[in-house]
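Only one structure is covered here, and it is reproduced in the block below.
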Amino acid sequence: MKKTMGIHHITAIVGHPQENLDFYAGVLGLRLVKKTVNFDDPETYHLYFGNESGKPGTIITFFPWADALPGIIGDGQVGVTTYVVPNGSMAFWEKRLAKFNVTFTKKERFGERYLSFDDPHGLHLEIVERQEGENNLWVYGDVTPDVAIKGFGGATLFSTQPNKTADVLEKVLGLEVIGEEGEFIRFRSSADIGNIIDLKKIPSVKGVIGVGTVHHIAWRAKDDNDQLEWQTHVSENGRHVTEVKDRNYFKAIYFREPGEILFEIATDPPGFAHDESLDTMGEKLMLPAQYEPFRKQLEQSLIPIKVKELD
């Protein structure tokens with residue numbers, strides 16, 4: 001039975017790109033590891049944030065549309081994105097969120113304490129402490145490796161058909177059911193980050209795609225050959241799966257599971273340092289070969305953005 005290691009990345013739709021950059025780099029202290037464009041809409045940025053090296057399981061990506069309409073978070077989407085931080089750092093994050101006037105609440109689930117809050121465009125986020133996972137070595141403002149976000153703790157899925165989504169998580173992706181509490185079933189993968197999925201058991205409001213919603217969640221494939229095996233495996237389990245798409249930093253296949261959440265399976269390699277150095281990742285607008293001839297035009301049409309230190 002095939003088993004994914006867990007989350008590769010999560011991609012969401014947001015509003016103004018500078019507001020997006022200020023929050024995820026300036027407040028949360030993540031590294032902007034890649035500044036590129038939407039391959040299907042090159043006049044829109046595609047921004048990638050993660051740990052110091054852009055490791056799979058740490059990457060959140062955004063399509064920022066400054067004037068787009070807000071969406072509705074609901075069934076058929078990732079409802080909540082969870083970040084994991086080192087043990088003992090929760091007090092730091094309470095103070096940091098308060099410092100930047102980010103309203104948060106405290107919750108408990110499966111014996112863990114969470115800080116729950118929204119980003120400036122309405123995405124639901126939460127922070128949880130866990131021992132596992134290597135520290136993020138990126139230093140940004142007051143965010144140092146002893147408190148920095150390691151990567152994803154996981155995600156909470158809202159499904160139109162939770163029982164069928166549970167079947168896909170367990171029988172197609174190979175996640176293990178490790179608990180059930182209240183309105184959630186908890187699944188786990190073998191990785192040390194991006195490994196916990198909570199599935200909401202009861203459907204509610206259907207989600208509407210737009211600003212402040214997750215577009216898709218991507219699962220990890222080891223390499224190109226593993227991805228082709230996944231493509232066959234998903235198809236044999238009755239889901240229509242796309243051809244392989246080259247996203248420059250990974251290759252991707254997509255399918256929609258029965259609960260209407262868009263799933264991607266993405267390769268770990270080649271990663272984000274193959275077209276610029278590890279030290280300079282995220283500093284320059286990187287374009288795929290087909291758009292390089294239009295660099296001047298694109299640089300003029302894209303909204304200027306800059307990583308700012310807000311501390």
Side-chain angles (χ1 to χ4, degrees), residues 7-21 24-25 30-68 138 151 209 211 213-228 230-231 241-256 262-307:
I7 299 171
H8 183 282
H9 67 268
I10 291 174
T11 295
I13 298 169
V14 291
H16 197 286
Q18 187 62 54
E19 294 172 352
N20 177 248
L21 193 56
Y24 286 88
L30 297 173
R31 182 180 187 181
L32 176 65
V33 298
K34 195 63 59 177
K35 179 169 61 172
T36 184
V37 295
N38 183 333
F39 286 11
D40 302 316
D41 177 18
E43 293 192 349
T44 300
Y45 283 114
H46 196 174
L47 305 179
Y48 294 74
F49 298 83
N51 74 347
E52 82 282 354
S53 61
K55 178 182 175 182
T58 75
I59 297 293
I60 192 162
T61 96
F62 297 102
F63 299 132
W65 283 304
D67 299 318
W138 187 246
I209 201 74
V211 169
T213 63
V214 170
H215 185 268
H216 65 266
I217 182 170
W219 309 96
R220 293 174 63 180
K222 296 174 186 175
D223 52 32
D224 291 355
N225 288 334
D226 187 41
Q227 185 180 63
L228 292 176
W230 276 110
Q231 189 181 45
V241 61
T242 67
E243 72 278 9
V244 175
K245 298 178 184 290
D246 189 346
R247 301 307 194 191
N248 203 4
Y249 309 108
F250 49 85
K251 290 182 180 174
I253 57 175
Y254 302 85
F255 68 99
R256 200 170 291 276
L262 182 58
F263 282 178
E264 174 183 342
I265 299 177
T267 57
D268 281 3
F272 294 94
H274 76 91
D275 60 352
E276 54 184 336
S277 74
L278 185 64
D279 290 339
T280 61
M281 287 194 312
E283 294 180 5
K284 179 183 175 184
L285 177 67
M286 304 304 296
L287 297 175
Q290 67 266 32
Y291 295 134
E292 194 59 55
F294 308 103
R295 171 174 287 277
K296 186 175 180 180
Q297 175 186 337
L298 289 171
E299 288 180 337
Q300 290 175 344
S301 65
L302 290 163
I303 297 172
I305 57 174
K306 180 182 180 180
V307 176

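This one's a predicted model, so the numbers in the text were calculated from it and none came from an experiment.
For Arg295, the side-chain contact (heavy atoms from CB on, under 4.5 Å) partners at least two apart in sequence or on another chain are Lys284, Leu285, Leu287, Glu292, Glu299. Partners of Asp246 according to the side-chain contact (heavy atoms from CB on, under 4.5 Å) rule, which considers only residues two or more places apart in sequence or in another chain, are Lys251.
For the pair Val14 and Leu47, the minimum side-chain heavy-atom distance is 4.5 Å or more. The shortest distance between side-chain heavy atoms of Val37 and Leu302 falls below 4.5 Å. You'll find the side chain of His215 reaches within 4.5 Å of the side chain of Leu262, heavy atoms only. In this structure, Ile217 and Trp219 have side chains that are in contact, with non-hydrogen atoms separated by less than 4.5 Å. Here the side chains of Thr11 and Phe63 are in contact, with some heavy-atom distance below 4.5 Å. Contact annotation: the side chain of Asn51 never approaches that of Arg31 to less than 4.5 Å [non-hydrogen atoms, C-beta and beyond]. When side chains are defined from C-beta on, Trp65 counts as touching Asp41, because their heavy atoms get closer than 4.5 Å. Under the 4.5 Å side-chain criterion, counting only non-hydrogen atoms from C-beta, Met281 is not in contact with Met286.
To the nearest 0.5 Å, atom CD1 of residue Ile265 and atom CG of residue Asp226 are 8.5 Å apart. Here the straight-line distance linking atom CD1 of Ile303 with atom CD of Glu43 works out to 11.5 Å at 0.5 Å rounding. With rounding to the nearest 0.5 Å, the separation of OG1 in Thr61 from CZ in Phe49 is 10.0 Å. Here the CH2-OG distance, from Trp138 to Ser53, works out to 11.0 Å after rounding to the nearest 0.5 Å. Atom CD1 of Ile13 and atom CG of Asn20 lie 12.0 Å apart (nearest 0.5 Å). Asp224 CG to Asp268 CG: the interatomic distance, rounded to the nearest 0.5 Å, is 11.0 Å.
Across every non-hydrogen atom of Glu276 and Lys34, the tightest pair is OE2-NZ, 2.7 Å. For Val211 against Gly15, the heavy-atom pair with the smallest separation is CG1-N, 3.7 Å. Residues Arg247 and Ala252 approach most closely at CG-CB, 4.0 Å, considering heavy atoms. The two residues Ile305 and Pro17 make their nearest non-hydrogen contact at CG2-CB, 3.8 Å. The heavy-atom pair separating Thr36 from Tyr48 by the smallest distance is CG2-CE1, 3.7 Å. Pro304 approaches Gln18 most closely through the heavy-atom pair O-OE1, 4.2 Å.
One side chain, Glu264 or His9, offers a donor N or O that lies under 3.5 Å from an acceptor on the other.
Using a distance-only test at 3.5 Å, with no hydrogens or angles considered, a donor-acceptor pair links the side chain of His8 to the main chain of Thr267. The backbone N or O of Phe39 lies less than 3.5 Å from a partner atom in the side chain of Tyr291, making a donor-acceptor pair. Under a 3.5 Å cut-off, the side chain of Thr242 and the backbone N or O of Tyr254 do form a donor-acceptor pair.
In summary, the aromatic rings of His46 and Phe62 are positioned with their centroids too far apart to meet the 6.0 Å limit.
Using bins of under 30°, 30° to 60° and over 60° for the plane-to-plane angle, the ring pair Tyr249/His274 lands in the tilted bin.
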